[in-house]
Every structure is written in C-alpha cells, then in structure tokens.
Asker: 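My questions all concern the structure below.
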Amino acid sequence: QVQLVESGGGLVQAGGSLRLSCAASGRTINSYAMAWFRQAPGKGRKFVAGIAWSGGSTDYADSVKGRFTISRDNAKNTLYLQMNSLKPEDTAVYYCAAGYRSYLPRLMGDSDYWGQGTQVTVSS
C-alpha cells in the first residue's frame, strides 16, 4: 500500500503562488506515475497535472498549462506542484494520486492511490 499526504494549501490572492507537496510512504514512488487532481465544490474531480514514472515526462490540463509545474523527487519520495499566477477558478481541494507504472496519469481513478486532499483558496 502507498499512503499519500498532501500539504501546502492555503489562502492566496489572485496572481500569487503556492507550492503543494505530496509525501508518500509505505513504498517508494519510483515505479509510480504521479498526478494532481482537483475538485471544486459541487463539481467532479478533474485532472490538473501528471508526471511519468520513468523519464519524467509531464502532462497538464489546458487550464493550468504555463502556470503550474509538476515535479518529483524520488529520493525524498515526494511529489510537488508549483502553482503560479493563481486565479479564483483554481480554488479547489487538490488531491495527489499514484498509479503503478501508469503511462496515462490523467486517467487515474478509484483503483489507484489517493491522498485526502489539501484546500487551495484563491481570492480576487
């Protein structure tokens, strides 16, 4: 089993920045694709960004491309999401996910591992 714990969320003004972290335990994440999803109140969970388990290739939702950067530090067993130029529509609970040797992080679902989320609120 892989346990995932998100941190770094909070309240920020539009145009500001936050860096989210996802600390993994139980297993090393070097064989897991990792991703960030988010869910706004009354909305479904949506893909934000993903990073491959091998090679470090990344994938982003169109709404965050150019503003967010996903990265991983396998030595620290940690996933990151650097969020810049934040907008009110970025307000959501952000979830970390891990999929064993997945090549399509944006398709992660209930069979994969998930954290409990961290709240990000962007004020206008």
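Everything numeric in this text was worked out from a predicted model, so none of it was measured.
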Asker: Going by the rule salt bridge (charged side-chain N to carboxylate O under 4.0 Å, His left out), which residues pair with R45 if we only count those two or more places apart in sequence or in a different chain?
Answerer: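 Only D110 meet the salt bridge (charged side-chain N to carboxylate O under 4.0 Å, His left out) criterion with R45.
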Asker: Kindly state each residue pair satisfying side-chain hydrogen bond (donor to acceptor under 3.5 Å, both in side chains) with at least one member in residues 87-97, sequence neighbours excluded.
Answerer: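 The answer is R38-D90, R38-Y94, R67-D90.
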Asker: Using the test salt bridge (charged side-chain N to carboxylate O under 4.0 Å, His left out), find all partners of R19 that sit at least two apart in sequence or belong to another chain.
Answerer: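 Salt bridge (charged side-chain N to carboxylate O under 4.0 Å, His left out) list for R19, sorted by chain: empty.
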Asker: Residues in salt bridge (charged side-chain N to carboxylate O under 4.0 Å, His left out) with K43, at least two apart?
Answerer: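 Salt bridge (charged side-chain N to carboxylate O under 4.0 Å, His left out) list for K43, sorted by chain: empty.
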Asker: Calculate, to the nearest 0.5 Å, the distance between atoms CD1 and CG belonging to I29 and N77 respectively.
Answerer: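 CG of N77 is found 5.0 Å from CD1 of I29.
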Asker: Of all the heavy-atom pairs spanning Y80 and D73, show the shortest one and how long it is.
Answerer: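 In terms of heavy atoms, the two residues are closest at CE1-CB, 4.0 Å.
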Asker: For a quick test of reading the model, state the closest non-hydrogen atom pair linking G50 to P105 and the distance between them.
Answerer: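 Nearest heavy atoms, G50 then P105: CA-CB, 3.9 Å.
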Asker: For the residue pair R106 and Y60, what are the closest heavy atoms and their distance?
Answerer: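 Smallest interatomic distance, heavy atoms only, reads NH2-O, 3.5 Å.
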Asker: Does some side-chain heavy atom of E6 sit less than 4.5 Å from a side-chain heavy atom of L20?
Answerer: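 No, every pair of side-chain atoms sits at 4.5 Å or beyond.
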Asker: Return the OH to OG distance between Y103 and S57, rounded to the nearest 0.5 Å.
Answerer: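 One gets 9.5 Å once the value is rounded to the nearest 0.5 Å.
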Asker: My understanding is that only residues two or more places apart in sequence, or in another chain, count here; which of them pass side chain to side chain donor-acceptor pair (under 3.5 Å) with T121?
Answerer: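 Testing T121 for side chain to side chain donor-acceptor pair (under 3.5 Å), a comparison that skips the adjacent residues, returns Q119.
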Asker: Identify the two heavy atoms, one from F37 and one from A35, that lie closest to each other, and give their separation to 0.1 Å.
Answerer: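 Answer, listing the atom of F37 first, then A35: CE1-CB, 3.7 Å.
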Asker: Given M34, which partner from the list S71, S102, C96 fulfils the side-chain contact (heavy atoms from CB on, under 4.5 Å) test?
Answerer: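 Testing each of S71, S102, C96 against M34, the sole residue satisfying side-chain contact (heavy atoms from CB on, under 4.5 Å) is C96.
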Asker: Taking only residues two or more places apart in sequence or in another chain, which ones pass side chain to side chain contact (heavy atoms under 4.5 Å, CB included) with Q1?
Answerer: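 Once residues adjacent in sequence are excluded, the partners of Q1 under the side chain to side chain contact (heavy atoms under 4.5 Å, CB included) criterion are Q3, Y113.
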